[in-house]
A.B. asks: 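The following block contains the structure, expressed as structure tokens.
Both counts, for ligands and for their atoms, begin at 1 and track the order of listing.
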Amino acid sequence: MEVVIVPDAKAGGELIAGAMAELLRHKPTALLGVATGSTPLPIYQALAAQVSSGAVEVSRARIAQLDEYVGLPAEHPESYRSVLRREVLEPLGIGMDAFMGPDGTAEDVRGACEAYDRALAEAGGVDLQLLGIGTDGHIGFNEPCSSLASRTRIKTLTEQTRIDNARFFDGDIGQVPHHVITQGIGTILEARHLVLLATGEGKADAVAATVEGPVAAVCPASALQLHPHATVVVDEGAASKLKFADYFRHTFANKPDWQGI
Ligand code: GLP
């Protein structure tokens with residue numbers, strides 16, 4: 001995998017938005033897999049700026065959701081569907097008709113998971129999947145010890161993830177659902193390009209395990225090592241525990257200009 005160390009979150013957002021814009025110039029109908037959480041926000045802001053300036057056109061782009069809470073009504077402000085509408089679709093001027101995601105309110109949750117996996121494949125697969133990372137190394141909501149071959153399915157959140165996410169629910173862990181639907185690790189690995197952004201020292205252990213640790217279900221993000229085109233973009237804080245940091249800096253500084261990430 002390629003590791004790019006950037007000075008700060010804004011630079012990371014601009015680098016990744018640049019790669020998304022480049023993809024859209026070659027494939028205007030690209031299916032973009034998007035993630036929630038605080039980390040990807042600079043990506044969405046940078047991409048929206050490129051759209052406003054006319055540098056890229058997103059009118060034919062399609063957006064796919066990574067994960068969703070089970071049981072929150074779609075219109076709940078913290079359902080990931082609502083979050084993505086607010087933070088990604090509206091700023092980019094993309095309508096909900098170009099959006100696909102799992103149904104977290106379905107009575108038949110298993111059927112909804114299978115339907116979403118099928119829908120992603122029928123849509124031609126995700127071209128570029130954005131990922132954040134949990135402090136425990138989760139991607140999407142694939143908590144530690146998730147099968148590296150898993151498909152979209154229901155998962156139970158760890159207490160740590162519920163504590164981390166309580167900030168979106170008035171700081172009240174009681175409001176954070178216990179269950180979620182997430183694209184499985186096997187599903188995520190089918191995207192053509194995986195781009196993980198991590199910022200801040202709080203993610204340094206998870207990033208080190210992802211990049212330099214063994215491929216192991218205990219750190220779900222380490223599955224990125226199995227992907228032929230995975231890019232991990234980190235700021236100095238998140239890079240602070242990487243033994244190969246100098247090598248990563250050297251290789252990025254010496255890349256041919258045409259290569260991109
Ligand atoms: C949630 C999301 C993940 C995200 C993680 C980290 O658990 N399901 O997709 O990567 O939070 O969020 P943050 O970027 O806010 O640290």
Side-chain angles (χ1 to χ4, degrees), residues 6 8-10 12-13 16 32-46 63-72 76-88 101-102 104 113 116 126 128-146 150 152-169 171 173 175-185 187-189 191 194-211 219-224 230-235 237-240:
V6 291
D8 52 31
K10 185 165 182 278
I16 296 170
L32 305 172
V34 293
T36 51
S38 314
T39 311
L41 295 179
I43 306 173
Y44 305 138
Q45 283 153 8
I63 304 287
Q65 187 174 355
L66 182 60
D67 47 10
E68 182 58 279
Y69 291 112
V70 168
L72 284 192
H76 187 290
E78 293 308 324
S79 77
Y80 279 175
R81 179 175 292 250
S82 294
V83 170
L84 292 171
R85 185 188 309 147
R86 213 163 49 231
E87 291 174 351
V88 182
C113 294
Y116 189 48
V126 173
L128 186 153
Q129 177 64 56
L130 296 176
L131 297 166
I133 186 167
T135 51
D136 59 5
H138 74 239
I139 48 174
F141 270 133
N142 292 282
E143 295 285 29
C145 302
S146 287
S150 49
T152 300
R153 70 213 182 291
I154 188 168
K155 287 291 286 182
T156 304
L157 295 179
T158 62
E159 277 307 280
Q160 185 57 54
T161 299
R162 293 183 65 239
I163 291 166
D164 288 348
N165 287 3
R167 68 188 194 280
F168 298 112
F169 293 85
I173 188 175
Q175 292 183 43
V176 184
H178 284 274
H179 296 113
V180 292
I181 292 176
T182 182
Q183 283 191 35
I185 298 174
T187 314
I188 292 170
L189 290 176
L194 299 179
V195 183
L196 185 149
L197 177 63
T199 51
E201 272 180 43
K203 300 289 174 70
D205 285 320
V207 166
T210 298
V211 174
C219 176
S222 66
L224 267 66
T231 311
V232 174
V233 180
V234 283
D235 70 355
S240 59

A.B. asks: Quick one: does any side-chain atom of R86 pair with a main-chain N or O of P77 as donor and acceptor, under 3.5 Å?
C.D. replies: yes
A.B. asks: Can you sort out which atoms of ligand 1 are near G132, meaning under 4.0 Å from one of its heavy atoms?
C.D. replies: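 Near G132, meaning under 4.0 Å from one of its heavy atoms, ligand 1 has 10 (O).
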A.B. asks: What do the steps show when you test S146 against R153 for side-chain hydrogen bond (donor to acceptor under 3.5 Å, both in side chains), and what is the final call?
C.D. replies: CA-CA 11 Å; S146 287; R153 70 213 182 291; 3.3 Å; yes
A.B. asks: Find all atoms of ligand 1 within a distance of less than 4.0 Å from any non-hydrogen atom belonging to D67, and give their numbers and elements.
C.D. replies: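 Near D67, meaning under 4.0 Å from one of its heavy atoms, ligand 1 has 2 (C), 8 (N), 9 (O).
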A.B. asks: Please answer whether the main-chain N or O of G140 pairs with a side-chain N or O of Q183 as donor and acceptor at a distance below 3.5 Å.
C.D. replies: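 Between the backbone of G140 and the side chain of Q183 there is no qualifying donor-acceptor contact (under 3.5 Å).
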A.B. asks: Just go through A206, A221, G140, P40 and tell me whose heavy atom is the nearest to atom 9 (O) of ligand 1.
C.D. replies: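 Nearest option to atom 9 (O) of ligand 1, by heavy atoms: G140.
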A.B. asks: Should the pair Y69 and F169 be assigned to parallel (<30°), tilted (30 to 60°) or perpendicular (>60°) ring geometry?
C.D. replies: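 Because their plane-to-plane angle is over 60°, the rings of Y69 and F169 count as perpendicular.
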A.B. asks: Give the atom numbers and elements of ligand 1 that come within less than 4.0 Å of a heavy atom of T39.
C.D. replies: 13 (P), 14 (O), 16 (O)
A.B. asks: If every non-hydrogen atom of Q65 is compared with every non-hydrogen atom of Y116, which pair is closest and at what distance?
C.D. replies: O-OH, 2.6 Å
A.B. asks: Among all protein heavy atoms in this structure, tell me which lies nearest to atom 6 (C) of ligand 1, with the distance rounded to 0.1 Å.
C.D. replies: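 Result: I133 O, 3.6 Å.
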A.B. asks: Starting from atom 12 (O) of ligand 1, what is the nearest protein heavy atom, named by residue and atom, and what distance separates them?
C.D. replies: G37 CA, 3.8 Å
A.B. asks: Which ligand 1 atoms are under 4.0 Å away from a heavy-atom of F141?
C.D. replies: 1 (C), 7 (O), 8 (N)
A.B. asks: Starting from atom 2 (C) of ligand 1, locate the nearest protein heavy atom and write down its residue, its atom name and how far away it is, to 0.1 Å.
C.D. replies: Y80 OH, 3.7 Å
A.B. asks: Restricting to non-hydrogen atoms, name the atom on N142 and the atom on S150 that form the minimum distance, rounded to 0.1 Å.
C.D. replies: OD1-OG, 3.8 Å
A.B. asks: Using a 4.0 Å cutoff against the non-hydrogen atoms of N165, which atoms of ligand 1 qualify?
C.D. replies: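 Those qualifying, in numeric order: 1 (C), 7 (O).
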A.B. asks: Is the backbone of A206 close enough, under 3.5 Å, to the side chain of T210 for a donor and an acceptor to pair up by distance?
C.D. replies: yes
A.B. asks: Would you please say whether a donor-acceptor pair under 3.5 Å links the side chains of E143 and T161?
C.D. replies: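 Present: a donor and an acceptor within the cut-off.
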A.B. asks: Could you list the atoms of ligand 1 found under 4.0 angstrom from a heavy atom of S38?
C.D. replies: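 By the 4.0 Å cutoff, the relevant atoms are 13 (P), 14 (O), 15 (O).
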A.B. asks: Counting only heavy atoms closer than 4.0 Å, does ligand 1 sit against the backbone of R167, its side chain, both, or neither?
C.D. replies: side chain
A.B. asks: Show me which atoms of ligand 1 lie under 4.0 Å from any heavy atom of K203.
C.D. replies: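 Once the distances to K203 are compared, the set is 13 (P), 14 (O), 16 (O).
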A.B. asks: May I ask you to identify the nearest protein heavy atom to atom 4 (C) of ligand 1, giving residue, atom name and distance to one decimal place in Å?
C.D. replies: T36 O, 4.0 Å
A.B. asks: From the options L194, V195, I133, select the one residue that forms a side chain to side chain contact (heavy atoms under 4.5 Å, CB included) with L224.
C.D. replies: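 Result: among L194, V195, I133, L194 is the only option passing the side chain to side chain contact (heavy atoms under 4.5 Å, CB included) with L224.
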A.B. asks: Which of the numbered atoms in ligand 1 are below 4.0 angstrom from a heavy atom of H138?
C.D. replies: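 Answer, ordered by atom number: 1 (C), 5 (C), 7 (O).
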